[in-house]
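Just so we're on the same page: letters track the sequence lines, and every chain starts at 1.
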Amino acid sequence: MEYNFLEIEKRWQKYWSDNEVYKVEVDNSRPKYYVLDMFPYPSGAGLHVGHPLGYIASDIYSRYKRLRGYNVLHPMGYDAFGLPAEQYAIQTGQHPAKTTDKNIKRYREQLDRIGFSYDWSREVRTCDPEYYKWTQWAFLEMFAHWYNRKTGKAEKISDLISVFEKEGNINVNAECGEENSFTADSWNAFTDREKAAVLMNYRIAYLGETSVNWCAALGTVLANDEVKEGLSVRGGHPVEQKKMRQWQLRVSAYSERLLNDLDNLEWTDSLKDMQRNWIGRSQGAEMVFKVSNGLKEYDMEIFTTRADTVFGVTFMVLAPESEWVEKLTTLEQKAAVEEYLNYAKKKTERERMAETRKVTGVFTGSYATNPFTEEKIPVWISEYVLAGYGTGAIMAVPAHDSRDYSFAKHFNLPVIPLIEGCDISQESFDAKEGIMCNSGFLSGMTVKQAIPAAIEEVEKRGIGRRKVNYRLRDAIFSRQRYWGEPFPIYYKEGIATPMDMEKLPLRLPEVDKFLPTESGEPPLARAENWTFEGYPIEKSTMPGFAGSSAYYLRYMDPHNSGALVGKEADEYWRSVDLYIGGTEHATGHLIYSRFWNKFLFDIGYVCEQEPFKKLINQGMIQGRSNFVYRVKGTNTFVSYGLKDKYDTTEIHVDVNKVSNDRLDIAAFKEWMPEYANAEFILEDGEYICGWAVEKMSKSMFNVVNPDMICENYGADTLRMYEMFLGPLEQSKPWDTNGIDGVHRFLKRFWRLFFNRDSFCVSLESASAKEQKILHKLIKKIGDDIESFSFNTSISAFMIAVNELYEVGCNKKEILEPMLVLLSPFAPHITEELWSLLGHNESISKASFPQYIESYTVEDTFEYPVSFNGKMRFKVALSRSLSAKEIEEYIINQPDTVKYLGESKIKKVIIVPGKIINIVC
RNA sequence: GCUCGGGUGGUGGAAUAGGUAGACACGCAGGACUUAAAAUCCUGUGGGCAGAAAUGUCCGUACGGGUUCGAUUCCCGUCCCGAGCACCA
């Protein structure tokens, strides 16, 4: 009987969905396991073959865990708010909800064909009001909380107000904006408006003035992770810095916890490094310098990690945006400073980056006093100092910082070396090593001793303190767009006021157009009569990461109308055990989600500190393009091997018209009218195409669609081939060339169960040799799946099937466990064979620990020979070795024998497929 | 510039508590079945040298050193590729 994959797959997919085979519920009698994919943004282009890679891996793992008896939560949904749908809406007038809906339908069809074991009853869409209700709810909770440094967690604003009423903010140690201290009396005397303004500084979701990434082309602000190399990630438009009042999330309050808790996660080191880098902890000191503009004296704070170099400070530098600029610019320098500020302001981020090495700056006219040397040093302004880091002002030590060095050289400022014997004639000496000199009481110490000693002295003199700084900034949470979650905030007498939780969801209003208004307001300003109790509602919407920050919690309890997730569901499912997705979210979603979760943990809403215990990054699938070579000025195409003999143009050809780099000439002629009369210069009767690895995209004609593969080879082949392509975490080009091998394997596997046309398995008991084939496989597959090395498991299946053919085995005792083992990889074909074996229940429904756990074997040989010491020989056991063969192997290694000397081997232990242990 | 990965046949890739390098698959070549094709099956396939052949032998995991009886695996240096960060004081 033929392996009719089309019919089999269709039938079983229907069976799974009709019988809700993958639906799960809380079940306290069984251990849970939560496997999550990063949910997709449903784009108009549909899925290409690269998208399902991670989904297939997580599906295999889910199915395997189910086989082992776990209650597996494996949901899927859509990250449905986003820019492309909105931009499409601007162009066509079509409502983004409609486009999104259409795209989701298409995605669902494509996903269904691949045979995933999702519990679709738990599907979420971030643009669904019943879902974004909870995004808005979380925002309101953040609005209603502040971060207490003393307790290290978020606490209620209402409690903070009681403290203010009793004792002002003297004893409050909070993560907040400006820290103007006030007493209880002055607090109680504040107007409502003043109180609201003070509280805003403390809230975890707050409205504040900040320097933002403004993208004029998109008409919106962007978060740091949405900007790469000075361009917007979506669309690649230029981005500039602009001061604006925006909603923000106080992510920076969680810097330390976000950093420290990384240690307990099973993520790859590279990903943890990326997050550590992004959080950017640096330990140093804050130090006060007296500065004077000739009329007035101020205390100016700076941050440094090299307090030891304070004797070498020869000037100070301010960021152009620093508030000190205005205070310290003298009358004589005013014009020059203004000119410089104008120059700096006009630059986009990108220009600033491109000109990284260009030294620019201007003198303020003011001087500071070095607190250790009492010397007067000039205060400059330069764009190499960033407003957003530290205090936006630095002490410059040109001898030991390369940036200060080039600045000093450019403007002819003095350079004082502080380390014995260092050569600073060409460049600064940045390394933290050597013996200090020219440094007063620090002279003679090593740098490592001097750093703490200097900080100690600074603290003793009362001019500063030890300080840890983080690079991580608060997340800008407003977007001037239509297609996102509206803020449940209205402005009562100009005061930002939260709506009642009962009023949620606040639905997106209808608008006539999706563009910003003529006066530059966000699209929501177009909504008519959109008010709350007569007051205006916030016009921005939330960013893309809002909806994706807690979706994994919603899956646990998706239909709960009273809570984001109910207590019972949260306490059972807890957190994601395995999360699979791309690295592109390393510094975006994966930070925000962790922050969001920690906040919910603080307010007692969820029971785990971290959302994603184990995380695997699947590699990207690139496209493999094919080329034909047209002889210039003709309609003749020359085969790859002969192209150098002609003057040719390389042209992309649709990879679907090519197989194994051989061009299907007939299909090529039909492809485009201009090729209908093409002529070909062949080699050996064939046209060979050139190839290259490029991004998978329509314009390169290298997009391969999973539907096509399912049509031609079946979903089981697609699933296995994607895994067979190479290690999961590695990026690799899609190359359909090898797919026949996997397909052939499935056909061979199928035929093991048939004798000509009839289903035929033997009920005889298996021989030791046959058992060994199975046991070896069980061991290997178990090990491989736990280490996500699916490509080698597939090889192991191929080997096992080849061996079964070799010994002519069709015994149920062997084949049935093999079916179970294979079912996570190829669920359709195994269901079919399983039912042909006479089982009534779906293979996906039951658990079979007996088949996959209890089959490992150890063969032990008593083996007397003559060596000394302990050794292990690693040998590929593609077949069982006899004692004789082992002896021969060892004796054929004369150097080894010499090394071991004369003694006796007592025992040889063989673990199938692994290692020979020789115990002496 | 800094931080991580990674360099193995014609191709994708196996093998790292050091132990027969190239599993498995693709491709290619030859053969069987067939009127033919598809499908299927069998054989060979890192390179050099010797041999009619079985086979023997030397060289081979980016390059150069080192440790070791033994190194793709560990250490040092060099080159190349990929990813991330990038004036973070």
Side-chain angles (χ1 to χ4, degrees), chain A residues 2 228-229 268-278 280-282 284-285 302-307 309 317 319 352-353 355-359 382-386 388-397 400-404 406-407 430 469-473 583-584 586-587 617 619-620 624 660-662 691 720-721 724-727 729-745 747-748 751 789 791-802 805 869 871-876 878 888-890 892-901 913 915-916 918:
Chain A
E2 275 291 293
K228 281 239 157 78
E229 289 168 3
T268 58
D269 289 337
S270 70
L271 196 77
K272 286 189 193 178
D273 273 342
M274 267 191 234
Q275 290 216 342
R276 288 194 186 106
N277 228 313
W278 189 261
R281 180 183 201 273
S282 62
I302 58 96
F303 174 76
T304 179
T305 53
R306 292 294 300 272
T309 59
V317 190
R352 212 166 145 162
M353 278 173 172
E355 295 167 11
T356 284
R357 303 289 153 221
K358 197 170 149 192
V359 179
S382 174
E383 55 182 340
Y384 84 85
V385 174
L386 303 176
Y389 186 78
T391 61
I394 61 154
M395 64 177 214
V397 187
H400 303 292
D401 183 288
S402 55
R403 296 154 300 179
D404 299 345
S406 43
F407 194 81
D430 291 13
N469 238 326
Y470 294 94
R471 207 185 71 115
L472 186 68
R473 316 232 195 122
T583 15
E584 65 271 22
T587 51
N617 293 119
M620 287 247 281
R624 187 181 188 277
N660 279 329
D661 294 334
R662 267 74 180 157
W691 63 274
M720 291 192 80
Y721 184 58
F724 189 63
L725 223 44
E729 306 192 56
Q730 191 176 302
S731 287
K732 56 231 156 188
W734 176 264
D735 182 354
T736 314
N737 283 347
I739 200 165
D740 288 316
V742 170
H743 191 60
R744 210 167 284 157
F745 158 77
K747 285 194 281 188
R748 273 164 72 81
R751 282 202 309 272
S789 152
N791 53 332
T792 53
S793 355
I794 292 168
S795 294
F797 278 117
M798 291 176 173
I799 293 169
V801 166
N802 285 343
Y805 269 103
M871 304 201 59
R872 295 142 58 91
F873 286 86
K874 192 166 160 198
V875 174
S878 57
E888 271 167 23
Y889 167 66
I890 295 170
N892 283 329
Q893 314 252 326
D895 289 340
T896 302
V897 173
K898 200 170 113 204
Y899 169 70
L900 289 168
I915 287 172
I916 304 180
I918 298 172

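Annotation: B/G60 and B/A71 have their P atoms spaced 11 Å apart (nearest Å). Atom name C1', nucleotides B/A38 and B/G19: the rounded distance is 47 Å, in whole Å. Straight-line distance between the P atoms of B/C87 and B/G82: roughly 22 Å, to the nearest whole Å. Across the P atoms, B/C2 and B/U78 are found 12 Å apart, a figure rounded to whole Å. Between the C1' atoms of B/A14 and B/A83, the separation comes to 24 Å (whole Å). With C1' as the reference atom, B/U8 and B/G47 are 14 Å apart, rounded to whole Å. B/G22 sits 24 Å from B/C28 when the P atoms are compared, rounded to a whole Å. B/U3 and B/U16 have their C1' atoms separated by 24 Å, with the value rounded to a whole Å.
Looking at A/Lys732, its side chain does come within 3.5 Å of a backbone N or O of A/Pro727 through a donor-acceptor pair. The main-chain N or O of A/Thr587 is never found under 3.5 Å from a side-chain atom of A/Gln275 such that the two would form a donor-acceptor pair. A distance-only check finds a donor-acceptor pair linking the side chain of A/Asp404 to the backbone of A/Val397 [under 3.5 Å]. A donor-acceptor pair under 3.5 Å is absent between the side-chain atoms of A/Asn469 and the main chain of A/Arg281, judged by distance alone.
Of the candidates B/C41, B/A89, B/A86, the closest approach to any side-chain atom of A/Phe303 belongs to B/A89. Closest contact between the side chain of A/Met798 and the listed nucleotides B/C41, B/C4, B/C24 involves B/C24. When distances run from any side-chain atom of A/Gln730 to the nucleotides B/C24, B/C87, B/G13, the shortest one goes to B/G13. Residue A/Lys732 places its side chain closer to B/G13 than to any other of B/G13, B/A89, B/C4. Nearest to the side-chain atoms of A/Ile799 among the listed nucleotides B/C85, B/A23, B/A89 stands B/A23.
At a threshold of 4.0 angstrom between heavy atoms, the contacts of A/Asp735 with the nucleic acid are absent. Using a 4.0 Å heavy-atom distance criterion, A/Ile394 is classed as a base contact. Among the protein residues, A/Pro733 comes within range of no part of the nucleic acid, since none of its heavy atoms lies under 4.0 Å from any strand. Among the atoms of the strands shown, none is found under 4.0 Å from any heavy atom of A/Asp269. A/Asp404 comes within 4.0 angstrom of nothing in the nucleic acid, heavy atoms only. If you check every strand for non-hydrogen atoms under 4.0 Å, A/Arg751 touches sugar and phosphate atoms only. A/Phe724 comes within 4.0 angstrom of a nucleotide base, judged by non-hydrogen atoms across all strands.
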Next on the checklist: Let me check I have this right: for RNA chain B, each base becomes ., (, ), [, ] or |, based on Watson-Crick or G-U pairs with both distances under 3.5 Å. What is the full string?
Outcome noted: (((((((..(((......[....)))((((((.......))))))(((((....)))))..(((((..]....))))))))))))....

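Comparing A/Asn277 and A/Arg662 against RNA chain B, the residue whose closest nucleotide sits nearer the 5' end is A/Arg662.
Side-chain atoms of A/Asn277 and A/Arg471 form no donor-acceptor pair, as typed in the model, at a separation below 3.5 Å.
Taking the O4'-C1'-N9-C4 or O4'-C1'-N1-C2 dihedral as appropriate, B/G9 has a value within 90° of 0 and is therefore syn.
Under 4.0 angstrom from either OP1 or OP2 of B/A25 there lies at least one side-chain N or O belonging to A/Asn802.
For A/Phe797, the ring pair (Phe, Tyr, Trp, His ring centres under 6.0 Å) test picks out A/Phe825, with sequence neighbours left out. Looking at residues two or more places apart in sequence or on another chain, you find a ring pair (Phe, Tyr, Trp, His ring centres under 6.0 Å) between A/Phe407 and A/Phe315, A/Trp380, A/Tyr384, A/Phe411.
Between A/Trp278 and A/Tyr470, the ring center distance fails the sub-6.0 Å criterion.
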